[in-house]
Amino acid sequence: MKKKIALLLVAAMTVSSLVACGSSAAEEPAAATEEAPAEDAAPAEDASAEEEEPAEDAAPAADGEVVTVGFAQVGHESDWRAANTKNYQDTFSAENGYELSFVDCDNDHAVQIETVRGFIEQELDYICIAPIQSAGWDTVLQEAQDAGIPVLIVDRAVDADESLYTTALGCDMIAEGEAAGNWLTEYLDGADANILVIEGSVGASATLGRTEGFNNIVAKNSNWTVLDSQSGDFTQAGGQEVMESFIKTYGAGNFNVVVCQNDNEAYGAMDAMDAAGITYGVDGDVQIISFDATHDGLQYTLDGKITCNVECNPLQAGFAEQVIKKLEAGEEVDKWTLVEDSAFVAPGIESQYATTMSQEVLDGRAY
C-alpha cells in the first residue's frame, strides 16, 4: 500500500533548484567550474546497460497515486554532480508521476545520515542515496528496512550488508581505474613513468575504486613509479593546491604523468602547471589522465590538453526509475545494475582502450 504524504509534510525537502551546480562553458583552466566525482560499487554480473533507459510510463503508480522518492545527494562539488542532480530532478518530476524530496548534503556524511532518517520519518515510498562515504551505513539502512522502505544505493557504493538495501546501481570504479592504467601502458609503450596522483574525496568509493584499479596496472609495470598521491577532494581548488605542492616537492621535469580522479581536479592541476611554466598534454612534457568525461573535460581532451579522459556516466536516474517501476509492479529486481563507461583520448592518438575525440563526438554528448 502506498504511503500517503501531505504536501506540507515534505515542503522542507521538496525538489530544489540546483544551486551553484551548473556546468560551466569550456574555458581556460582558471575559469573552469570546480570539481566532479562519482563513485564505485563492486560490479556483479546480474545486469548491465550501456545507455539510460527511457521512462515507459508517465505515471508509474498503477492506481494513479503519486510515488514519493527521497534523494540524498552527495553535494554540488563538480560538473558531474550537477548533471547527475539535474537528471534525477528531470526524471522524478511531477509530470512523470513523482514527488521528489531532494537534499544536497554538501559532502557532510552526518547530514546525509540525518537526511535519510528524515525521509524515513516522512514515510516516503522509496529512498535513493548517493553515499558521501562508503562506511557507516548499517544502522540507518536497518531503520529504513524496518520501516519497509526500499533503498536504492546509487552512483557510489556502501560498505554494508547487501541485505540492508534493495539494489545498487552505478559505474564500476575499479574498472575505470584499470582502463586508465591500460591506456597509459599502451601509450607509453615501455617508457618510464613518474606519476603523481590527485585523488578524490577521502573515503568515497570512487576514490577507493579508481585508486585500486589504477594501482592494479601500476603493479604490472616495473618501470612505473607513483611518486605521490594526495586528495584534491574532487574540486578544482583542491586539485590546484595539491598540484602546487607536488611541483614544490618534486620540481619540474621529475614527473611525466599526472592522474586526476575527476575533471575539476584536472582543471586545477592545469592552473598550477600553467603558473609554473610546465607544459602538458599531447605536445607537452606531462600527460594528464582525468576521469568523468564531462563536456568541459572532453573539450580539453579535444584540445589536446587532457590526453586521456575516462567516462563516468552521470545519467543514472533512468536506471533508478526502472527499478522503482519493477518494484511498483511487484517484480524482482537485480541486486546490482552496471552503468557502462567509455574512455576518450586526444586527437591523433589511436587506442584499443579509448575513442579518439572529435568535434562530432563532443557534439553528440548529452552532458
Taken to the nearest 0.5 Å, the spacing of R156 CZ from Q133 CD works out to 9.5 Å
Next item on the list: Take F319 and V154, measure what side-chain contact (heavy atoms from CB on, under 4.5 Å) needs, and give me the verdict at the end.
Entry: CA-CA 9 Å; F319 296 106; V154 301; over 6 Å; no
From the list T115, T85, D155, D104, side-chain hydrogen bond (donor to acceptor under 3.5 Å, both in side chains) with Q73 holds only for T85
How far apart are the C-alpha atoms of D292 and R210, what are their side-chain angles, what is the distance that settles it, and do they pass the salt bridge (Lys or Arg N to Asp or Glu O under 4.0 Å) test?
CA-CA 11 Å; D292 282 355; R210 289 170 182 168; 3.1 Å; yes
Residues T68 and L124: closest non-hydrogen pair is OG1-CA, 3.5 Å
Heavy atoms of N87 and G318 approach each other most closely as OD1-N, 4.4 Å
Tightest non-hydrogen contact, residues V323 and V333, listed as O-CG1, 3.9 Å
- Task: Consider only side-chain heavy atoms of I, L, V, M, F, W and Y, link residues closer than 4.5 Å, and tell whether I153 and V111 are in one cluster.
- Result: no
Interatomic distance, CD1@I288 vs CE@M273, rounded to 0.5 Å, equals 3.5 Å
task: Output yes when a side-chain donor or acceptor of T139 lies under 3.5 Å from a complementary backbone atom of G136, and no otherwise.
output: no
E162 meets the side chain to side chain donor-acceptor pair (under 3.5 Å) criterion, sequence neighbours left out, with none
Donor-acceptor pair, D108 side chain versus A110 backbone, under 3.5 Å? yes
Q. Just wondering, more than 12 heavy atoms not from E360 lying within 6.0 Å of its CD?
A. no
Scanning both residues in full, the closest heavy-atom pair of M173 with C312 reads CE-SG, 3.6 Å
Practice item. Measure from the ring center of Y88 to the ring center of F71 and say whether it is less than 6.0 Å. Key: yes
So SG of C260 and CD of E265: to nearest 0.5 Å the spacing works out to 6.0 Å
Per side chain to side chain contact (heavy atoms under 4.5 Å, CB included), S290 is matched among N309, V310, V259 by N309
Exercise for the section: Compare all side-chain heavy atoms of R81 with those of N84 and state whether any distance is below 4.5 angstrom. Expected result: yes
- Under the side-chain contact (heavy atoms from CB on, under 4.5 Å) criterion, do D106 and H76 qualify, and how do the steps go? CA-CA 7 Å; D106 200 20; H76 52 271; 3.5 Å; yes
* May I ask you to check if R365 and Y367 form a cation-pi contact, with NZ or CZ under 6.0 angstrom from the six-membered ring centre and within 45° of the axis? => yes
Applying a strict under-4.5 Å side-chain criterion to I, L, V, M, F, W and Y, I'd like to know whether L152 and V339 cluster together.
yes
Acceptor/donor pairs from residues 241-248 side chains to any protein atom, 3.5 angstrom cut, sequence neighbours excluded:
from : atom 1 : to   : atom 2 : distance (Å)
E244 : OE2    : Q240 : NE2    : 3.1

Main-chain N/O of A175 paired to D172 side chain as donor or acceptor, under 3.5 Å: yes
Are side-chain heavy atoms of Y267 and D296 found at a separation under 4.5 Å?
yes
Rounding to 0.5 Å, atoms OG1 (T207) and CD (E199) come to a distance of 6.5 Å
(Q) Between N223 (side chain only) and G190 (backbone N and O only), is there a donor and an acceptor less than 3.5 Å apart? (A) yes
For S351, the side chain to side chain donor-acceptor pair (under 3.5 Å) test, sequence neighbours excluded, returns E186
Requested in this report: Evaluate the criterion side-chain contact (heavy atoms from CB on, under 4.5 Å) for residue pair I217 and L184; output intermediate values, then yes/no.
Outcome: CA-CA 9 Å; I217 309 303; L184 186 61; over 6 Å; no
Minimal heavy-atom distance between T91 and N96, with the atoms involved, is O-ND2, 2.9 Å
Scan the side chains in residues 141-149 for donor-acceptor partners under 3.5 Å anywhere in the protein, sequence neighbours excluded, and list what turns up.
from : atom 1 : to   : atom 2 : distance (Å)
Q142 : NE2    : Q145 : OE1    : 3.4
Q142 : NE2    : D146 : OD1    : 2.9
E143 : OE1    : R117 : NE     : 2.8
E143 : OE2    : R117 : NE     : 3.3
E143 : OE2    : R117 : NH2    : 3.1
Q145 : NE2    : S163 : O      : 2.5

* Hey, does the side chain of S231 reach the backbone of D233 with a donor-acceptor pair shorter than 3.5 angstrom? -> yes
Joint hydrophobic cluster, I306 plus M357, side-chain heavy atoms closer than 4.5 Å = no
Backbone N or O of E311 within a donor-acceptor pair of the S342 side chain at under 3.5 Å?
no
Taking every heavy atom of P347 against every heavy atom of T356, the minimum-distance pair comes out as CA-CG2, 3.8 Å
Quiz item: Do the non-hydrogen side-chain atoms of V257 and W224 ever get within less than 4.5 Å of each other?
Solution: no
So ring pair (Phe, Tyr, Trp, His ring centres under 6.0 Å) across residues 170-191, not counting sequence neighbours, yields W183-Y187
Between the side chains of N182 and Q352, is a donor N or O closer than 3.5 angstrom to an acceptor N or O? no
**Message:** Taking G297's backbone N and O only, do any of them form a donor-acceptor pair with K305's side chain (distance below 3.5 Å, no angle check)?
**Reply:** no
Check your understanding: Do S205 side-chain atoms and A157 backbone N/O form a donor-acceptor pair below 3.5 Å?
Key -> yes
Applying side chain to side chain donor-acceptor pair (under 3.5 Å) to S222 and not counting sequence neighbours gives none
What I'd like to find out is whether the side chain of H295 reaches to under 4.5 Å of the side chain of L362, using heavy atoms alone. yes
Item to complete: Show your reasoning for whether side-chain contact (heavy atoms from CB on, under 4.5 Å) applies to T279 and D283.
Response: CA-CA 8 Å; T279 61; D283 297 322; over 6 Å; no
Are any of the side-chain heavy atoms of V197 and T211 separated by less than 4.5 Å?
no
Separation between OG1 (T185) and CG (N221), nearest 0.5 Å, reads 4.0 Å
Would you say that Q89 contacts L100 through its side chain, given a criterion of any heavy-atom pair below 4.5 Å between the two side chains? yes
Margin query: So I129 and V151, do their side chains get closer than 4.5 Å, heavy atoms only?
Written below: yes
If hydrophobic clusters are built from ILVMFWY residues whose side chains come within less than 4.5 Å, do M270 and Y250 share one? yes
Q: With the side chain counted from C-beta on, respond yes when N256 and D192 share a heavy-atom pair under 4.5 Å apart, and no when they do not.
A: no
Query raised in the report: With no hydrogens and no angle check, is any side-chain donor or acceptor of N313 less than 3.5 Å from a backbone partner on L315?
Result: yes
Q | Over 12 foreign heavy atoms within 6.0 Å of CD, E350 | A | no
Item to complete: Give the ring-plane orientation class for H109 versus W137, where under 30° counts as parallel, over 60° as perpendicular and anything between as tilted.
Response: perpendicular
Checking D125 side chain against V69 main chain: does a donor-acceptor pair fall under 3.5 Å? no
Going hydrophobic residue to hydrophobic residue with side-chain gaps under 4.5 angstrom, can you get from I289 over to V282?
yes
query = Do Q299 and D303 meet the criterion of a side-chain donor-acceptor pair at a distance under 3.5 Å?
reply = yes
